[in-house]
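Okay, structure first, notes after.
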Amino acid sequence: MIAKISSSENLAGALGYNFKKGVSGGASVLLAPEGGYTMEEVLSDMQAAIPKKCRTKNVVFHCSLNPHPDEKLSDEQLTQIAQEYMQALGYGEQPYIVFKHNDIEREHIHIVSLRVNSAGEKINDKFENRRSKRITDLLERKYGLIPSTPTKEQRTNAPASQEHLPLD
């Protein structure tokens, strides 16, 4: 599973991208914060969670979790994976919404959340990509998913033509 994480200051843009896909039938909401499922309701709820005296500029956390193209996961599995991922990364107590995208051959999920807590403090994002990789590796093992990084056994059994040779 590959995670792609971005941050921005445009909450309406991140939500709009995902809700627009839903209107065209390319996405659906799997999990939403208490309140509603419309973009306006989610946007309003999330904006209300951002303190007025917030010094963090890029308050939006937007992540896509991309299982291997051959994986066919249920909505329940994708929701559980999203929740475990967010908890392990440190965003589990934040308001967030999970969308399932099926507008391309590979189904995947997008998560939109906030990078600041209710006190206006930034959520720890040190080594976020490295921590994310560890988390997705653990989730792959836990759920028996096809690994995004070849295992030692797969590298050992790879044909010689696929081996990476050191460059001189």
Side-chain angles (χ1 to χ4, degrees), residues 1-8 10-11 13-22 24-33 37 42 46 58-117 122-168:
M1 177 178 312
I2 297 173
K4 296 179 183 176
I5 301 172
S6 64
S7 64
S8 78
N10 188 354
L11 180 59
L15 290 172
Y17 168 78
N18 288 286
F19 274 103
K20 184 178 179 184
K21 294 250 182 191
S24 67
S28 58
V29 174
L30 292 182
L31 182 68
Y37 289 90
V42 174
M46 285 190 166
N58 291 332
V59 296
V60 180
F61 171 88
H62 188 180
C63 173
S64 67
L65 292 178
N66 304 274
H68 188 279
D70 294 338
E71 299 283 5
K72 299 298 176 214
L73 302 173
S74 70
D75 289 355
E76 293 77 23
Q77 288 172 310
L78 290 169
T79 300
Q80 186 65 34
I81 287 169
Q83 290 173 317
E84 290 180 36
Y85 177 83
M86 291 296 280
Q87 193 66 43
L89 197 57
Y91 292 91
E93 304 306 314
Q94 295 299 99
Y96 61 90
I97 185 166
V98 179
F99 299 86
K100 178 172 100 174
H101 285 220
N102 55 8
D103 58 333
I104 60 174
E105 185 177 316
R106 171 187 36 81
E107 286 188 343
H108 58 286
I109 58 176
H110 281 246
I111 306 167
V112 179
S113 187
L114 300 176
R115 290 186 169 277
V116 293
N117 64 21
K122 190 169 189 296
I123 304 298
N124 179 13
D125 65 349
K126 289 188 178 179
F127 306 107
E128 189 171 67
N129 287 319
R130 190 178 307 166
R131 290 185 297 126
S132 173
K133 178 63 176 142
R134 284 190 202 119
I135 294 164
T136 57
D137 287 349
L138 288 169
L139 289 169
E140 285 172 346
R141 286 193 295 276
K142 178 178 179 178
Y143 289 94
L145 303 178
I146 299 168
S148 59
T149 305
T151 64
K152 185 176 181 180
E153 180 181 317
Q154 289 170 324
R155 286 190 302 269
T156 303
N157 295 332
S161 63
Q162 291 182 354
E163 291 181 16
H164 295 286
L165 301 175
L167 300 175
D168 293 312

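Please read these numbers as outputs of a predicted model, since none were measured by experiment. Hydrogens, waters and symmetry mates are skipped; everything else that's a heavy atom, side chains included, is used.
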Can you sort out the partners of [X] under side-chain contact (heavy atoms from CB on, under 4.5 Å), two or more places apart, ordered by chain and number?
{"X": "Ser74", "value": "Glu76, Gln77"}
{"X": "Arg141", "value": "Asp137, Leu138"}
{"X": "Asn102", "value": "Glu107"}

Contacts of type side-chain hydrogen bond (donor to acceptor under 3.5 Å, both in side chains), residue [X], not counting sequence neighbours:
{"X": "His101", "value": "Asn18"}
{"X": "Tyr91", "value": "Arg115, Glu128"}
{"X": "Ser28", "value": "none"}
{"X": "Lys20", "value": "none"}

Do [X] and [Y] touch side chain to side chain, with heavy atoms closer than 4.5 Å?
{"X": "His110", "Y": "Cys63", "answer": "no"}
{"X": "Val29", "Y": "Phe19", "answer": "yes"}
{"X": "Ile123", "Y": "Leu114", "answer": "no"}
{"X": "Leu89", "Y": "Ile5", "answer": "yes"}
{"X": "His62", "Y": "Tyr17", "answer": "yes"}
{"X": "Lys133", "Y": "Phe127", "answer": "no"}

Salt bridge (charged side-chain N to carboxylate O under 4.0 Å, His left out): which pairs involve residues 84-95, sequence neighbours left out?
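For residues 84-95: Glu84-Lys142.
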Can you tell me which residue pairs pass the salt bridge (charged side-chain N to carboxylate O under 4.0 Å, His left out) test with a partner in residues 59-75, sequence neighbours excluded?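 For residues 59-75, and leaving out neighbouring residues, the salt bridge (charged side-chain N to carboxylate O under 4.0 Å, His left out) pairs sorted by first residue read Asp75-Lys100.
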| query | Among Ile2, Ile146, Leu145, whose side chain to side chain contact (heavy atoms under 4.5 Å, CB included) with His68 holds? | reply |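 Exactly one pass, corresponding to Ile146.
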With respect to Val98, which candidate in Leu31, Leu78, Leu65 satisfies the side chain to side chain contact (heavy atoms under 4.5 Å, CB included) definition?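 Testing Val98 for a side chain to side chain contact (heavy atoms under 4.5 Å, CB included) against Leu31, Leu78, Leu65 leaves exactly one candidate, Leu31.
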Audit row: Ser64, Asn66, side chain to side chain donor-acceptor pair (under 3.5 Å) steps and yes/no | CA-CA 6 Å; Ser64 67; Asn66 304 274; 3.1 Å; yes
Partners passing ring pair (Phe, Tyr, Trp, His ring centres under 6.0 Å) against Tyr85 (at least two apart in sequence or in another chain):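 If we apply the ring pair (Phe, Tyr, Trp, His ring centres under 6.0 Å) test to Tyr85, skipping adjacent residues, there are no hits.
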Next item on the list: Output all residues satisfying salt bridge (charged side-chain N to carboxylate O under 4.0 Å, His left out) with Lys4, sequence neighbours left out; order by chain, then residue number.
Entry: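 By the salt bridge (charged side-chain N to carboxylate O under 4.0 Å, His left out) rule, Lys4 matches no residue at all.
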